[in-house]
Amino acid sequence: MAGYDIESLRHSTAHVMAHAVKNLFPDAQVAIGPSIEDGFYYDFGVSAPFTPDDLEKISAEMQRVIKAGKPFVRKEISREEALALFADEPFKVELIEDLPSDEIISIYEEGDFIDLCRGPHIDNAGQIKAFRLLKSSGAYWRGDERNAMLQRIYGTAFSTQQELDDYLKMIEEAEKRDHRKLGRELDLFSLQEEAGPGLVFWHPKGAFVRTVIEDHWRSEHLNNGYDLVMTPHIARQDLWRTSGHLDFFNENMYQPMMVDETPYLIKPMNCPFHLLIYKSRVRSYRELPIRWAELGTVYRYERSGVLHGLLRVRGFTQDDAHIMCSREQLDSETKRVLEFVLSMLRRFGFSDYEVFLSTRPEQSVGDDDVWEQATDALRSALDAQGLSYQVDEGGGAFYGPKIDVKIKDAIGRVWQCSTIQVDFNEPERFDLTYVGQDNAHHRPIMIHRALLGSMERFMGVLIEHYAGAFPLWLAPVQAVVIPIADRHSEYAGKVADDLRASGFRTEVDDRNEKTGYKIREAQLQKIPYMLVVGDREQEAGAVAVRSRSEGDLGAISVADLIEQFKKELTE
RNA sequence: GCCCACGUGGCGCAGGGGUAGCGCACCUCUUUGGUAAAGAGGAGGUCAUGGGUCCGAAUCCCAUCGUGGGCUCCA
């Protein structure tokens, strides 16, 4: 076992890369080069971006540096010495100047390459056995778009070549389950250049899956004490002034359209509409908590560079709900919502997610004690579920604290789906009240929440999660009947009719093709069951069942098959 | 929005200054075949869009649109 951890190895490889870049591009200025989750990067100030060709040259140069096998030598120096040493490296100078005065400044020497660095490092460059430069891209200095754009090179390193190969293989496999690729192959959805970026077109099969999810969503909400509401897509601009969106969300909203000389805006959120329903009459404490849910389609302007398949779009349908409750009910309502979130995710096979609790930011509204109570409510809900979570101090919305649940996509990127946000602000803005037991007017607290996030993003993650092989209850086509020869077509049609009569989405593939061909296509379409029928099956009133995942399961009667399907649906 | 790359028939790709090629899919015919691709024939694109250079552009240049990977953003 080597005497260093993987982070040190990667960080050291980043140094070696910077060394190589300096050898090949003496004018390049070094910025920072940390190890990251699956590798490392290093940022450089250069006159021209790196080309793929450059990456190969840098990689070759790195091999030479590694072969030289020079040790990493740590030295501690004074601030003055550091500033003098890095006089030609403006980014390093900026870093040094920003270090607290009592900080020990250390440098690492590796051959003739010296870098400002806290360490630790491996002993010598020769210990790097397996690395790969992956890609280059632009990156702002210190992550601020007002700063200069540097050129970043990403790479990764592992202790052994085998581990590196396995990693690269894993990336390759992950690309096969990319929802954009599967969306096309399985004919689920498309994005159309003619219509505009970030706008989703659901094809029949994708629309069907979505419908199954939505149906499930609706019935679960009705079972969980929610009422369903429906609201328009546009509203007067003034409404968005009242809600505060015009001030706080303006950059994400589309330009107004004129209707009879009054400006209207397309909705980026559903909450103001739900509040209007609340305000349509006087509310009593007896009605609380009010839970209103809507699959509400919203449109938001997203900068062009951030759009990504179904995961980041400009028009999407939130599985939104707003809970209006009293302060006393906040605790139990939060618990209830979190339980609902988890049970919903579980239904779709998600158990691996990251949970964040975001607390009060500097710029915020509301009294301290309300913030404290709301944050406690969220925290105790998390604890009650035994969830481990990260606290994002100051990461809450200006109007209240929140819980976010993020799910991973095929290559490990996390996407925010579920969210629970307490809001003290909007009820105030709309002057929401309820009449209490004391016959006085009180202000309700609102909880915004989405379980799946948006149908688009959730389905994108879901497609990757299942690699397109939806479980029986979600599969757009649950079974395909495959007659072996023309003379079995009629029987195949009868089998399909029986299955459909029992509610199973069944197709017949009676094309003029051989059985193997139809099997292959059905497998590629990831249809859960293939039902082969020939002379034997027709004779016996049976089907030869082939499962997508388990292969040939042998013959079974149609009646038994239906029972088996029903059983599988309840699992 | 910023950096880089890319944009050729439905999909995946090749070609790369002298008026487009392959595989799959599609259509027709033959074949009626038992668990991942039967055989033959055929149709389909002017090379994202606009402009420029050139005797001539899909091929070079510019702009625009779109896509991809990052950055930033994500109330």
Side-chain angles (χ1 to χ4, degrees), chain A residues 36 41 43 46 48-52 54-55 134-154 175 178 180-181 184-185 187 190-198 243-253 268-269 271 300-309 311-312 358 361 363-365 395-400 402 404 411 413 415-416 419 421 423 425-426 448 457 482-489 510-525 530-537 544-548 551-555:
Chain A
I36 52 175
Y41 68 79
D43 287 345
V46 283
F50 296 110
T51 64
D54 291 337
L55 290 196
L134 298 169
K135 61 201 170 197
S136 63
S137 71
Y140 299 110
W141 167 236
R142 299 198 145 179
D144 189 327
E145 64 182 323
R146 289 166 302 191
N147 289 340
M149 177 153 286
L150 308 176
Q151 294 301 318
R152 174 174 297 178
I153 301 177
Y154 285 93
E175 279 164 7
D178 188 310
R180 293 165 297 189
K181 184 174 158 67
R184 194 183 315 110
E185 289 172 357
D187 201 12
S190 62
L191 294 125
Q192 310 264 353
E193 184 172 346
E194 283 168 280
S243 70
H245 289 95
L246 225 44
D247 294 325
F248 296 103
F249 206 66
N250 196 244
E251 282 179 13
N252 288 283
M253 293 169 72
M269 292 195 189
C271 37
R300 297 182 184 173
Y301 173 73
E302 299 283 359
R303 295 165 95 182
S304 59
V306 306
L307 300 173
H308 182 96
L311 299 180
R312 189 83 181 265
S358 301
Q363 293 265 314
S364 55
V365 300
F398 77 94
Y399 51 71
K402 61 174 181 172
D404 290 326
I411 58 173
R413 285 179 296 211
W415 296 91
Q416 184 188 314
T419 184
Q421 310 185 357
D423 188 345
N425 182 246
E426 230 172 333
H448 307 249
R457 177 173 291 182
I482 300 175
I484 288 186
D486 284 352
R487 65 179 179 281
H488 309 121
S489 282
D510 55 2
R511 290 178 301 170
N512 180 10
E513 296 291 350
K514 300 179 89 163
T515 311
Y517 181 90
K518 295 178 187 178
I519 295 276
R520 177 183 153 79
E521 285 227 327
Q523 284 286 153
L524 291 174
Q525 284 298 306
M530 286 144 271
L531 310 173
V532 179
V533 295
D535 291 335
R536 298 197 294 269
E537 290 75 19
V545 181
R546 180 191 165 98
S547 133
R548 170 180 67 191
D552 196 344
L553 298 178

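The sequence lines fix the lettering, A, B, ..., with proteins before strands; numbering per chain opens at 1.
- A:Ile482 comes within 4.0 angstrom of nothing in the nucleic acid, heavy atoms only.
- Pair assignment for B:G18: B:C55, on the basis of Watson-Crick or G-U wobble contacts that are both within less than 3.5 Å.
- Between B:A75 and B:C6, the two P atoms lie 34 Å apart (nearest whole Å).
- The nearest heavy atom of RNA chain B to A:Ile484 and to A:Gly143 marks one nucleotide each, and the one closer to the 5' end goes with A:Ile484.
- Between B:C74 and A:Arg312, no contact under 4.0 Å exists linking OP1 or OP2 to a side-chain N or O.
- Within the 4.0 angstrom heavy-atom criterion, only backbone atoms of the sugar-phosphate kind lie near A:Arg152; the bases stay farther away.
- Nearest-nucleotide positions on RNA chain B for A:Met149 and A:Gln523 put A:Met149 closer to the 5' end.
- Taking atom C1' on both B:G21 and B:G16, the two are 13 Å apart, rounded to the nearest angstrom.
- OP1 or OP2 of B:G70 has at least one side-chain nitrogen or oxygen of A:Lys135 nearer than 4.0 Å.
- We find that CG of A:Asp43 is positioned 10 Å from P of B:C71, with the value rounded to whole Å.
- Between the CZ atom in A:Arg152 and the OH atom in A:Tyr41 there is a gap of 4.0 Å [rounded to 0.5 Å].
- A donor N or O paired with an acceptor N or O is found under 3.5 Å between the base of B:A36 and the side-chain atoms of A:Arg546.
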Practice prompt. Tell me, with the steps shown, if A:Gln523 and A:Met530 meet side chain to side chain contact (heavy atoms under 4.5 Å, CB included).
Written response: CA-CA 8 Å; A:Gln523 284 286 153; A:Met530 286 144 271; 3.1 Å; yes

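- If you take OH of A:Tyr517 and C1' of B:A36, they are 11 Å apart, rounded to a whole angstrom.
- B:G42 is paired with B:C26 under the Watson-Crick or G-U wobble criterion, all donor-acceptor distances under 3.5 Å.
- Across all strands shown, B:C73 has no partner, as no Watson-Crick or G-U wobble contact with both distances under 3.5 Å is found.
- Remark: P of B:C4 and CG of A:Asp54 are 13 Å apart, rounded to the nearest angstrom.
- Closest to the side chain of A:Glu193, out of B:G7, B:C71, B:A75, is B:G7.
- Between B:C11 and B:U19, the two C1' atoms lie 26 Å apart (nearest whole Å).
- Between B:G18 and B:U72, the two C1' atoms lie 47 Å apart (nearest whole Å).
- Heavy atoms of A:Asn252 sit nowhere under 4.0 angstrom from any nucleic acid atom.
- Considering only side-chain atoms of A:Asp486, the nucleotide from B:G33, B:C71, B:G1 that sits closest is B:G33.
- The distance between atom CZ of A:Arg536 and atom P of B:G34, rounded to the nearest whole Å, is 9 Å.
- Nearest heavy atoms, A:Leu307 versus A:Pro197: CD1-CB, 3.7 Å.
- When distances are taken from the side chain of A:Ala544 to each of B:G33, B:G1, B:G34, the shortest belongs to B:G34.
- Counting to the nearest Å, the C1' atom of B:G1 and the NE2 atom of A:His308 are 19 Å from each other.
- Between A:Glu513 atom CD and B:U28 atom P there is a gap of 12 Å when expressed in whole angstrom units.
- The side chain of A:Pro49 lies closest to B:C3, out of B:G1, B:C3, B:U31.
- Note on A:Met530: nothing from the nucleic acid sits closer than 4.0 angstrom, heavy atoms only.
- Judged by Watson-Crick or G-U wobble contacts below 3.5 Å, the nucleotide B:G33 has no partner.
- Counting distance only, with no hydrogens placed and no angle test, the side-chain atoms of A:Glu185 and the base atoms of B:G12 include no donor-acceptor pair under 3.5 Å.
- Side-chain atoms of A:Ala139 lie closest to B:C71 of the nucleotides B:G34, B:U67, B:C71.
- An OP1 or OP2 oxygen of B:G69 is reached within less than 4.0 angstrom by a side-chain nitrogen or oxygen of A:Arg180.
- Between A:His488 and B:G33, a side-chain N or O to OP1/OP2 separation shorter than 4.0 Å is absent.
- Spacing of P atoms, B:G15 relative to B:C71, comes out at 31 Å, to the nearest Å.
- Using modelled atom types and a 3.5 Å distance limit, the side chains of A:Thr51 and A:Asp54 yield a donor-acceptor pair.
- When all heavy atoms are compared, the tightest approach of A:Tyr301 to A:Glu251 is CD2-O, 3.6 Å.
- When rounded to the nearest whole Å, the span between CZ of A:Arg487 and P of B:G34 equals 9 Å.
- As rounded to the nearest Å, B:C27 and B:G66 have C1' atoms that lie 31 Å from one another.
- Rounded to an integer number of Å, the gap from A:Arg511 CZ to B:U32 P is 19 Å.
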Practice prompt. Quick one: do A:Glu521 and A:Arg511 satisfy salt bridge (charged side-chain N to carboxylate O under 4.0 Å, His left out)? Show the steps, please.
Written response: CA-CA 12 Å; A:Glu521 285 227 327; A:Arg511 290 178 301 170; 2.8 Å; yes

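- Phosphate contact (OP1/OP2 of B:C4, side-chain N/O of A:Ser136, threshold under 4.0 Å): absent.
- Closest to the side chain of A:Ser137, from the set B:U32, B:G70, B:G1, is B:G70.
- Separating the C1' atom of B:G45 from that of B:A38 is a span of 29 Å, rounded to the nearest Å.
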Worksheet item: Step by step, would you call A:Arg142 with A:Asp144 a salt bridge (charged side-chain N to carboxylate O under 4.0 Å, His left out)?
Response: CA-CA 6 Å; A:Arg142 299 198 145 179; A:Asp144 189 327; over 6 Å; no

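- Taking 4.0 angstrom as the limit, A:Tyr154 places none of its side-chain polar atoms (N or O) nearer than this to OP1 or OP2 of B:C4.
- Comparing the same atom, P, in B:U59 and in B:G50 gives a spacing of 12 Å after rounding to whole Å.
- When the side-chain nitrogen and oxygen atoms of A:Tyr140 are compared with OP1 and OP2 of B:G1, none of them lie within a distance under 4.0 Å.
- In this structure, the side chains of A:Met253 and A:Arg300 stay at 4.5 Å or more apart for every pair of heavy atoms.
- When both pairing distances are held under 3.5 Å, B:A5 makes a Watson-Crick or G-U pair with B:U67.
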